[in-house]
Amino acid sequence: MVFEVKGSSKKIQVFTTRVDTIYGVTFLSLAPESDLAAELITDEHRQTAEAYIQQAKNRSERERMSDVKTISGAFTGSYAINPFNGEEIPVWVADYVLAGYGTGAVMAVPAHDERDYNFAKHFGLEIRQVIEGSMENGSFPGKTGTVINSGMISGLSVKEAMAKCIAFLEERKIGRGKIQYRMRDAIFTRQRYWGEPLPVYFKDGLPYLIEEKDLPLVLPEVDKYLPTEDGDAPLGRAKNWNYQTAEGEFPLERSTMPGWAGSSWYFFRYTDPKNEECLADKAKTDYWGAVDLYIGGSEHATGHLLYSRFWAKFLYDIGAVSIEEPFQKMINQGMIQGRSNFVYRIKGTNTFVSYGLREQHDTSAMHVDVNFVHNDQLNLDKFKFWRPDLATAEFILEEGKYYCGAEVEKMSKSKYNVVNPDDIIERYGADTLRLYEMFLGPLEQFKPWNTNGIDGVYKFLRKVWNLYHPANGGFAVSDAPASKEELKALHKAIKKMEEDMANYSFNTSVSSFMICVNELTTLGCNKREVLEPLAILISPYAPHIAEELWSLLGHSTSITRAAFPEFREEYLVESNFEYPVMINGKLRAKLDLPLTLTVTDIEKAALADTQVQKWLEGKSPKKVIIVPGKIVNLVV
RNA sequence: GCCGGGAUGGUGGAAUAGGUAGACACGCAAGACUUAAAAUCUUGUGGCCAUAUCGGCCGUGCGGGUUCGAUUCCCGCUCCUGGUACCA
């Protein structure tokens with residue numbers, strides 16, 4: 001929307017998502033970079049305002065963004081006119097306004113925007129509430145509630161007010177409604193060696209594409225995969241990174257493509273990897289279709305997924321493939337998080353304060369390598385040895401110890417909280433690690449890494465091994481037919497695993513294996529009829545041990561080639577069911593009854609039970625609910 | 001602010017076409033084996049009350065609702081957490 005400037009032909013264009021708060025506008029702020037800001041400065045304020053702009057321009061955008069706390073600005077001396085009520089409002093320059101976003105001008109509503117609020121507080125500007133709610137905690141930016149103190153839109157909801165304001169502006173041609181997409185340009189080159197080279201050469205400083213017959217352009221040999229000594233991209237190290245044309249030899253582009261250049265369409269290429277003519281034969285991409293399941297972290301939503309969907313849609317539009325959406329189903333697997341440790345440096349010094357005392361000083365937190373920390377206590381010697389600047393570090397201790405702060409966050413080299421699984425593999429083996437990760441919890445759940453329960457899965461794998469090695473650790477499997485109980489234990493596990501696989505519920509599968517192996521151990525089962533399918537069941541979870549057992553069972557091909565065992569319902573059929581009997585919603589008795597009983601017979605049996613009679617106290621139930629095979633519920 | 005995810009024992013978690021809450025595992029306790037320890041095995045383990053027996057009451061973040069019956073469905077909150085952002 002457009003604000004007129006008092007006593008001037010100039011106009012200020014403002015972008016806002018909260019036009020409903022228009023009656024709460026008490027000033028406008030402009031980005032220091034904007035030309036308009038310079039033009040609106042009046043003589044009276046010239047000195048201070050121009051000095052401020054100069055100072056703000058000297059700070060980089062990064063600096064301005066990282067230093068959110070410092071509030072600064074200057075009054076231009078000009079006033080703008082609110083088109084809704086004709087009110088005159090001061091125009092300020094402020095570095096919290098970014099030139100690159102929107103129009104570089106903000107209509108400030110201190111009551112309903114935190115930054116505007118802080119700014120108004122700092123400079124003593126008016127704060128006018130126009131949405132119903134409590135101002136106790138400063139501004140409140142919520143987008144719900146009723147508009148107040150706002151002339152023609154008072155009493156409307158936020159949503160209604162927005163619509164009415166937009167209509168008002170559009171009618172007078174001083175503004176319009178707009179959908180603002182947050183889009184950024186993306187750079188398609190990298191100054192790295194490992195990436196597809198761009199098929200571009202330069203003649204007279206202008207880029208040209210190399211001829212199709214010269215494709216593919218292959219990475220040149222270089223002595224090191226590092227930038228050149230004078231800071232050029234690694235391909236600058238190649239001896240002859242030039243392109244030969246009829247007119248002579250010209251230098252090739254030295255940047256390479258980013259990772260997603262190739263990773264955005266590999267799933268199409270996989271269907272026809274040797275095709276020399278095109279991306280992939282359309283008949284083949286049609287046959288294979290879209291990717292059934294994409295498992296990746298949620299961060300891929302803005303990375304790989306965005307690009308590969310863009311690629312697919314582009315390829316669809318030019319007719320190269322018939323698939324518009326590349327992935328049928330997506331699961332965001334949860335991240336295994338790390339537990340970070342922090343030390344607290346007193347600002348401007350090389351002194352570090354222990355966690356409990358940090359509030360007494362002006363400190364900034366710093367990640368510290370978790371390998372220097374045990375039970376949140378810092379090993380001072382290791383810490384000092386970490387980096388040259390820390391060699392002279394001093395410490396303020398608590399009871400002679402330095403305690404670190406801790407936080408659960410993403411594992412990352414830059415946070416120094418990475419735990420290496422090699423130690424676990426060394427101690428327990430890769431199968432245990434893999435099985436433990438499966439057992440930890442649902443696939444999609446985030447959680448901090450913690451090895452507290454790993455002994456449980458380790459013991460489980462040993463029990464599995466012992467089933468096949470019953471006496472004195474020697475391998476022995478019987479070819480005798482399995483008993484009913486043994487088959488039942490096995491088929492319960494088969495059934496559960498089939499269901500769990502379909503739901504990606506791996507942790508519950510592991511627990512059903514544990515139940516099965518515990519039962520088979522109790523039964524002393526070492527029958528091939530049971531142990532062969534069991535090895536197959538476990539193989540996706542503990543592939544090494546399963547492969548080993550498979551080979552001991554006498555197979556010469558890999559267990560990965562074995563067919564999944566067929567589930568047979570008949571082994572699980574029960575003749576009886578232990579009915580829970582609820583009286584007024586509480587469990588009062590249990591009755592073991594044949595499943596063949598009719599509802600009437602179940603009722604009779606339940607009413608005849610002594611426990612039930614005790615609770616009925618001679619009365620007959622008002623209502624009887626019986627779900628065969630599930631429950632009996634009596635209402636008294 | 002916006003967009004996600006979540007809250008169940010001491011711990012990780014299980015159970016949702018509404019039907020016995022706490023499977024499986026860790027930890028803890030007691031016992032067996034051992035000169036001892038480790039390892040292994042057995043038993044117990046939600047809380048409170050109880051003549052510690054028979055048993056009873058409470059209990060899935062909080063407050064309501066629907067239902068014979070709610071961890072599960074509905075309404076209203078609180079808190080935690082991931083991503084993102086001086087984005088107006």
Side-chain angles (χ1 to χ4, degrees), chain A residues 14-19 21 25 28-29 31 61 64-71 94-98 100-109 112-116 118-119 139-143 180-184 297-302 332 334-335 337 407-410 435-436 439-442 444-448 450-460 462-463 466 496 500 505 507-518 521 577-591 611 614 621-636:
Chain A
V14 161
F15 171 73
T16 182
T17 55
R18 291 302 302 275
V19 70
T21 61
V25 176
L28 293 191
S29 29
E61 186 151 310
R64 277 163 60 183
M65 280 167 68
S66 61
D67 181 19
V68 181
K69 297 249 160 64
T70 316
I71 294 162
D95 75 353
Y96 79 86
V97 181
L98 303 177
Y101 185 78
T103 58
V106 173
M107 58 171 242
V109 185
H112 305 292
D113 181 277
E114 200 186 334
R115 288 152 305 151
D116 295 345
N118 292 337
F119 193 85
S139 65
F140 62 96
K143 284 190 179 177
Q180 178 79 1
Y181 293 100
R182 287 197 198 171
M183 297 230 265
R184 289 178 300 192
S298 54
E299 71 277 8
H300 290 167
T302 50
N332 286 140
M335 211 184 305
Q337 297 165 301
E407 224 172 275
V408 169
E409 53 186 358
K410 182 168 157 174
L435 197 64
Y436 182 59
F439 187 59
L440 262 179
E444 297 182 72
Q445 197 162 305
F446 281 70
K447 57 173 53 188
N450 154 1
T451 53
N452 280 347
I454 201 163
D455 280 331
V457 291
Y458 183 58
K459 276 190 229 168
F460 163 73
R462 297 226 307 233
K463 280 187 200 166
N466 289 341
K496 189 79 173 87
D500 288 345
S505 176
N507 56 325
T508 51
S509 268
V510 176
S511 85
S512 73
F513 296 153
M514 287 174 169
I515 294 169
C516 174
V517 168
N518 285 344
T521 304
F577 178 76
E578 191 178 50
Y579 279 91
V581 182
M582 322 266 293
I583 294 169
N584 289 337
K586 296 198 175 182
L587 180 68
R588 296 301 184 189
K590 288 189 179 184
L591 283 178
Q611 271 295 319
K614 180 183 138 196
K622 250 192 267 173
K623 197 168 175 185
V624 179
I625 296 118
I626 289 169
V627 185
K630 280 249 161 108
I631 202 160
V632 176
N633 196 357
L634 309 175
V635 186
V636 185

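None of the values given here were measured: they were computed from a predicted structure. First the proteins, then the strands, lettered A, B, ... as listed; each starts at 1. Basis for what follows: all heavy atoms, side chains included, without hydrogens, waters or symmetry-related copies.
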S.K.: Are the ring centres of A/Tyr579 and A/Phe577 closer than 6.0 Å?
M.R.: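 Ring centres of A/Phe577 and A/Tyr579 closer than 6.0 Å.
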S.K.: Hey, are the side chains of A/Pro442 and A/Asn507 touching, using non-hydrogen atoms and a 4.5 Å cut-off?
M.R.: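 The answer is yes, as the side chains (C-beta and beyond) meet within the 4.5 Å cut-off.
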S.K.: Let's see if you can work this out: which of B/rU20, B/rA23, B/rA39 has an atom nearest to the side-chain heavy atoms of A/Met582?
M.R.: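 The listed nucleotide nearest to A/Met582's side chain is B/rU20.
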S.K.: Using atom types as modelled and distance alone, determine if a side-chain donor or acceptor of A/Asn466 lies under 3.5 Å from a backbone N or O of A/Arg462.
M.R.: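 Yes; judged by distance alone, with no hydrogens or angles, the pair exists.
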S.K.: Is a side-chain donor-acceptor pair under 3.5 Å present for A/Asp116 with A/Tyr96?
M.R.: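 Yes, side-chain donor-acceptor contact under 3.5 Å.
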S.K.: Between the protein and nucleotides 59-61 of chain B, which nitrogen or oxygen pairs come in under 3.5 angstrom?
M.R.:
none

S.K.: Using only side-chain N and O atoms of A/Asn118, determine if any of them is under 4.0 Å from OP1 or OP2 of B/rC86.
M.R.: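 The answer is no; no side-chain N or O of A/Asn118 sits under 4.0 Å from OP1 or OP2.
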S.K.: Would you call A/Leu587 and A/Val581 a side-chain contact if the rule is heavy atoms closer than 4.5 Å?
M.R.: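 Of all side-chain heavy-atom pairs linking A/Val581 with A/Leu587, none is under 4.5 Å.
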S.K.: Using a distance-only criterion (donor-acceptor N/O pair, under 3.5 Å, no hydrogens), is the base of B/rU20 paired with the side chain of A/Lys590?
M.R.: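 Under the 3.5 Å cut-off, the side chain and the base do form a donor-acceptor pair.
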S.K.: Counting side-chain heavy atoms from C-beta on, which of B/rC24, B/rA88, B/rG27 comes nearest to A/Arg115?
M.R.: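 Selected nucleotide: B/rA88.
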S.K.: Could you give the CG-to-C1' distance, from A/Asn518 to B/rU42, as a whole number of Å?
M.R.: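 Nearest whole value for this atom pair: 14 Å.
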S.K.: Please give the distance between the C1' atoms of B/rA7 and B/rA39 as a whole number of Å.
M.R.: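 About 38 Å, rounded to a whole number of Å.
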S.K.: Expressed as a whole number of angstroms, how long is the span from A/Ile625:CD1 to B/rC68:C1'?
M.R.: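 Going from CD1 in A/Ile625 over to C1' in B/rC68 covers 3 Å.
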S.K.: Quote, to the nearest angstrom, the C1' distance that separates B/rG61 from B/rA36.
M.R.: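 Between the two C1' atoms, the distance is 48 Å.
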S.K.: Using the 3.5 Å cut-off, write out each protein N or O paired with an N or O of nucleotides 12-16 of chain B and the distance between them.
M.R.:
unit_1: B/rG12; atom_1: O3'; unit_2: A/Lys447; atom_2: NZ; d: 3.1
unit_1: B/rG12; atom_1: O2'; unit_2: A/Leu440; atom_2: O; d: 2.9
unit_1: B/rG12; atom_1: O2'; unit_2: A/Lys447; atom_2: NZ; d: 3.2
unit_1: B/rG13; atom_1: OP1; unit_2: A/Gln445; atom_2: NE2; d: 2.3
unit_1: B/rG13; atom_1: OP1; unit_2: A/Lys447; atom_2: NZ; d: 2.9
unit_1: B/rG13; atom_1: O5'; unit_2: A/Lys447; atom_2: NZ; d: 3.2
unit_1: B/rG13; atom_1: O3'; unit_2: A/Asn507; atom_2: ND2; d: 3.4
unit_1: B/rA14; atom_1: OP1; unit_2: A/Asn507; atom_2: ND2; d: 3.0

S.K.: Which part of the nucleic acid, if any, lies within reach of A/Ala105 when heavy atoms closer than 4.0 Å are counted: base, sugar-phosphate only, or nothing?
M.R.: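 Base contact.
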S.K.: Can you check the distance between B/rG13 and B/rG6, where both ends of the measurement are the C1' atom (answer in whole Å)?
M.R.: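 It works out to 14 Å between them.
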S.K.: Taking the P atom in each of B/rG63 and B/rU72, what is the distance between them to the nearest angstrom?
M.R.: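 Result for the P pair: 13 Å, nearest Å.
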S.K.: Nearest 0.5 Å, what's the CD-CG distance between A/Gln445 and A/Leu440?
M.R.: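 Result: 9.5 Å between the selected atoms.
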S.K.: When rounded to the nearest Å, what value does the distance between C1' atoms of B/rU60 and B/rU20 take?
M.R.: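 The same atom, C1', in both gives a distance of 15 Å.
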S.K.: Report yes if the side chains of A/Met514 and A/Val457 come closer than 4.5 Å at any heavy-atom pair, otherwise no.
M.R.: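 Result yes, sub-4.5 Å side-chain heavy-atom pair found.
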S.K.: Within this structure, what is the CG-to-P distance between A/Asp113 and B/rC2, rounded to whole angstrom?
M.R.: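 Distance check: A/Asp113 CG to B/rC2 P gives 12 Å.
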S.K.: Within this structure, what is the NE2-to-C1' distance between A/His112 and B/rA88, rounded to whole angstrom?
M.R.: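 Distance check: A/His112 NE2 to B/rA88 C1' gives 14 Å.
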S.K.: Which nucleotide wins on minimum distance to the side chain of A/Asn633, given the candidates B/rU20, B/rA88, B/rC68?
M.R.: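 Ranking B/rU20, B/rA88, B/rC68 by closest atom to the A/Asn633 side chain puts B/rC68 first.
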S.K.: For A/Lys622 and B/rG69, give me the distance from atom NZ to atom P, rounded to whole Å.
M.R.: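 Rounded to whole Å, this separation is 11 Å.
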S.K.: Rounded to whole angstroms, how far apart are CG on A/Leu28 and C1' on B/rA88?
M.R.: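 Between C1' of B/rA88 and CG of A/Leu28: 12 Å.
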S.K.: Nearest-nucleotide wise, let me know which of A/Leu587 and A/Ile454 is further upstream toward the 5' end of RNA chain B.
M.R.: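 Taking each residue's closest nucleotide, the earlier one in sequence belongs to A/Leu587.
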S.K.: Roughly how far, to the nearest 0.5 Å, is the CZ atom of A/Phe119 from the CG atom of A/Asp113?
M.R.: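 Output value for this atom pair is 12.0 Å.
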S.K.: Which of these nucleotides, B/rG19, B/rU20, B/rC57, is closest to any side-chain atom of A/Arg588?
M.R.: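 When the side chain of A/Arg588 is considered, B/rC57 is the closest of B/rG19, B/rU20, B/rC57.
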S.K.: Send over the distance from A/Asp455 CG to B/rC26 C1', rounded to a whole Å.
M.R.: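 Computing the A/Asp455:CG to B/rC26:C1' distance gives 8 Å.
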S.K.: Rounding to a whole Å, what distance do you find between A/Asp116:CG and B/rA85:P?
M.R.: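 In whole Å, B/rA85 P lies 20 Å from A/Asp116 CG.
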S.K.: Nearest 0.5 Å, please: how far is CD1 in A/Ile454 from OH in A/Tyr436?
M.R.: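 So the gap between those two atoms works out to 6.5 Å.
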S.K.: Measure the NE2-CZ distance between A/His112 and A/Arg18 for me, rounded to the nearest 0.5 Å.
M.R.: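 Taking NE2 in A/His112 and CZ in A/Arg18, the distance rounds to 7.5 Å.
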S.K.: Any idea if B/rG82 is syn or anti, going by the 90°-from-0 cut?
M.R.: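 This nucleotide is in anti.
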S.K.: Nearest of B/rA23, B/rC26, B/rC86 to any side-chain atom of A/Asp95?
M.R.: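 In terms of side-chain proximity for A/Asp95, the closest of B/rA23, B/rC26, B/rC86 is B/rC86.
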S.K.: Compute whether any side-chain donor of one residue and acceptor of the other, for A/Ser505 and A/Thr508, lie under 3.5 angstrom apart.
M.R.: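 Yes, side-chain donor-acceptor contact under 3.5 Å.
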S.K.: Between A/Ile626, A/Ile625, A/Ile583, which is the residue that forms a side chain to side chain contact (heavy atoms under 4.5 Å, CB included) with A/Leu634?
M.R.: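 Exactly one candidate clears the test, A/Ile583.
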S.K.: Using the P atom on both, measure B/rC74 against B/rU67 and round to a whole Å.
M.R.: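 The answer is 16 Å between these two P atoms.
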S.K.: Can you tell me how far OG of A/Ser509 sits from CG of A/Leu435, rounded to the nearest 0.5 angstrom?
M.R.: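 A/Leu435 atom CG to A/Ser509 atom OG measures 10.5 Å (nearest 0.5 Å).
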S.K.: Using the P atom in both, what is the distance from B/rA30 to B/rA38, to the nearest Å?
M.R.: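 The answer is 13 Å between these two P atoms.
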S.K.: Report the nucleotide, chosen from B/rA39, B/rU20, B/rA23, that has the shortest atom-to-atom distance to any side-chain atom of A/Pro580.
M.R.: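 The nucleotide sitting nearest to the side chain is B/rU20.
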S.K.: Return the SG to NZ distance between A/Cys516 and A/Lys463, rounded to the nearest 0.5 Å.
M.R.: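 NZ of A/Lys463 is found 12.0 Å from SG of A/Cys516.
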S.K.: Quick one: on RNA chain B, does A/Lys463 or A/Glu444 contact a more 5' nucleotide (nearest heavy atom)?
M.R.: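 Here A/Glu444 is the residue nearer the 5' end.
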S.K.: Can you tell me, in whole Å, how much space there is between the P of B/rG4 and that of B/rA23?
M.R.: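 Those two atoms are separated by 35 Å.
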S.K.: Tell me, which stems hold RNA chain B, with a stem being 3 or more Watson-Crick or G-U pairs in a row and both distances under 3.5 Å?
M.R.: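 Output for stems: B:1-7 with B:78-84, B:10-12 with B:24-26, B:27-32 with B:40-45, B:46-49 with B:55-58, B:61-65 with B:73-77.
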